[in-house]
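This report refers to the structure that appears directly beneath it.
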Amino acid sequence: GLELSVNDHAADFSLTTSPGRHLSLSCLVRNSSQAEELLWYRGDGRVNLRDGNKVNVSNICVSPVTKSDNGVTFTCQLARDKSVQVSVSLNVQFPPQLSGEESLQIEEDKDVTLSCNTKSNPQAQTFWYKNDEKLTLEHNRYQLYQTSEVYQLSIAKVRKSDNGTYSCVVELTSGRGRKDFHLRVEDKKPVFPKEAIIAAVVVVTLTVIFGIVARKDKIFKV
């Protein structure tokens with residue numbers, strides 16, 4: 001009946017916590033008739049334990065918990081029989097770190113992409129607003145792109161009517177985030193007809209060359 005328990009759990013379990021907290025994990029040998037050495041692993045890496053913290057009872061601390069600890073597994077293991085073990089997986093919950101504002105200027109008829117970082121645990125609900133009203137997506141003009149960390153709104157061929165404040169809003173039970181984008185659509189700058197200019201340059205160049213050649217023939221005649 002020899003077994004281990006971590007924080008009174010005799011089987012693998014998940015522990016919910018949040019960034020900034022101090023977490024203590026205690027591993028205990030049960031039903032042992034002799035001194036048993038314990039090992040701790042963080043993922044695949046072995047944790048260094050001090051003398052006096054290895055036999056029958058062993059404690060480790062995660063201080064402070066960070067977002068990078070989310071999904072990390074800590075395993076307590078019996079040294080002489082590694083099949084005897086208990087693992088705890090950390091479920092670190094945190095809201096999206098989304099705030100501030102950004103100003104964008106873009107010419108009419110060009111494309112623009114608004115991007116916000118929406119990394120959170122659990123995954124947050126994300127919405128786009130324009131001038132504090134939920135954005136209605138126009139077909140073939142607005143396109144959304146979303147991953148677990150990024151939420152983007154792309155607008156094709158912006159118009160003057162696209163002027164305004166666009167807000168990326170994410171909501172979680174543990175928090176809410178918002179970032180504003182102040183979009184200003186400027187008049188389209190006049191485009192010089194490159195093809196016509198190039199053609200004119202070619203014509204002028206050829207005319208000069210032909211003129212030089214013609215004069216050269218007259219010089220040789222003289």
Side-chain angles (χ1 to χ4, degrees), residues 1-100 114-129 134 144-153 167-179:
L2 180 65
E3 64 178 14
L4 303 181
S5 68
V6 173
N7 290 15
D8 295 326
H9 291 265
D12 297 348
F13 67 103
S14 177
L15 183 60
T16 299
T17 184
S18 57
R21 296 188 63 180
H22 303 279
L23 188 64
S24 179
L25 302 176
S26 180
C27 183
L28 173 67
V29 178
R30 293 181 174 180
N31 305 324
S32 174
S33 58
Q34 64 183 43
E36 297 287 355
E37 182 182 356
L38 296 172
L39 306 175
W40 273 104
Y41 288 86
R42 183 187 189 277
D44 295 328
R46 186 168 168 179
V47 179
N48 291 325
L49 301 174
R50 294 181 179 180
D51 293 337
N53 188 31
K54 300 179 180 180
V55 179
N56 288 347
V57 179
S58 182
N59 300 286
I60 62 171
C61 293
V62 183
S63 179
V65 174
T66 66
K67 290 187 289 186
S68 62
D69 292 317
N70 183 50
V72 172
T73 298
F74 289 88
T75 302
C76 180
Q77 201 171 79
L78 200 65
R80 69 179 178 87
D81 185 355
K82 295 185 178 181
S83 65
V84 181
Q85 62 178 32
V86 176
S87 295
V88 50
S89 178
L90 300 190
N91 177 29
V92 183
Q93 295 193 346
F94 54 92
Q97 300 297 313
L98 192 63
S99 62
L114 313 179
S115 180
C116 57
N117 180 1
T118 58
K119 184 177 180 179
S120 63
N121 181 44
Q123 181 69 39
Q125 285 188 303
T126 311
F127 308 94
W128 280 102
Y129 289 80
K134 200 165 185 180
L144 297 178
Y145 172 78
Q146 184 173 16
T147 68
S148 60
E149 298 188 9
V150 176
Y151 195 54
Q152 292 180 336
L153 170 67
S167 302
C168 175
V169 178
V170 291
E171 296 180 352
L172 267 176
T173 55
S174 59
R176 189 174 187 267
R178 171 179 175 141
K179 183 175 181 180

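Quick caveat, the model's predicted, so the values are computed rather than measured. Sequential numbering from 1 along the given sequence is applied to the chain's residues.
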Surrounding CG of Asp8 (heavy atoms of other residues, nucleotides or ligands, distance under 6.0 Å), is the total greater than 12?
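12 or below, so no.
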Where do Ser58 and Leu49 come nearest, in terms of heavy atoms and distance?
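In this case the closest contact between Ser58 and Leu49 is OG-CD1, 3.6 Å.
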Can you name the closest pair of heavy atoms from Leu4 and Cys76 and give their distance?
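It is CD1-O, 3.7 Å.
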Can you confirm whether [X] sits close enough to [Y] that some side-chain heavy atom of one is under 4.5 Å from a side-chain heavy atom of the other?
{"X": "Phe74", "Y": "Val6", "result": "no"}
{"X": "Leu114", "Y": "Cys168", "result": "no"}
{"X": "Ser148", "Y": "Lys119", "result": "no"}
{"X": "Asn56", "Y": "Leu38", "result": "no"}

Say you draw a straight line from [atom1] of [X] to [atom2] of [Y]; how long is it, rounded to the nearest 0.5 Å?
{"X": "Gln146", "Y": "Thr118", "atom1": "CD", "atom2": "OG1", "value": "6.0 Å"}
{"X": "Leu90", "Y": "Thr73", "atom1": "CG", "atom2": "OG1", "value": "7.5 Å"}
{"X": "Ser120", "Y": "Lys67", "atom1": "OG", "atom2": "NZ", "value": "9.5 Å"}
{"X": "Cys27", "Y": "Asn7", "atom1": "SG", "atom2": "CG", "value": "9.5 Å"}
{"X": "Thr147", "Y": "Gln152", "atom1": "OG1", "atom2": "CD", "value": "8.0 Å"}

Without placing hydrogens or testing angles, list every side-chain donor-acceptor pair under 3.5 Å for residues 11-20, not counting sequence neighbours.
from  : atom 1 : to    : atom 2 : distance (Å)
Asp12 : OD1    : Ser87 : N      : 2.8
Ser14 : OG     : Ser89 : O      : 3.4
Thr16 : OG1    : Asn91 : ND2    : 3.3

Salt bridge present between Arg80 and Glu37 (N-O < 4.0 angstrom)
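Judged by the 4.0 Å cut-off on N to carboxylate O distance, Arg80 and Glu37 do not form a salt bridge.
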Is a side-chain donor or acceptor of Asn53 paired with a backbone partner of Ile60 at a separation under 3.5 angstrom?
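No, the answer is negative, given that no donor and acceptor are paired below the 3.5 Å cut-off.
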Can you name the residues that form a side chain to side chain donor-acceptor pair (under 3.5 Å) with Asn70, not counting sequence neighbours?
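Asn70 satisfies side chain to side chain donor-acceptor pair (under 3.5 Å) with Asn121 only.
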With sequence neighbours excluded, residues passing salt bridge (charged side-chain N to carboxylate O under 4.0 Å, His left out) with Arg42
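Once residues adjacent in sequence are excluded, the partners of Arg42 under the salt bridge (charged side-chain N to carboxylate O under 4.0 Å, His left out) criterion are Asp69.
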Under the salt bridge (charged side-chain N to carboxylate O under 4.0 Å, His left out) test, residues paired with Lys82 that sit two or more places apart
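None.
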Output every pair passing ring pair (Phe, Tyr, Trp, His ring centres under 6.0 Å) with a member in residues 21-73, not counting sequence neighbours, ordered by first then second residue.
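Not a single pair qualifies under ring pair (Phe, Tyr, Trp, His ring centres under 6.0 Å).
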Kindly write out the residues that satisfy side-chain contact (heavy atoms from CB on, under 4.5 Å) with Ser68, not counting sequence neighbours, or none if the list is empty.
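For Ser68, the residues satisfying side-chain contact (heavy atoms from CB on, under 4.5 Å) (neighbours in sequence not counted) are Thr66.
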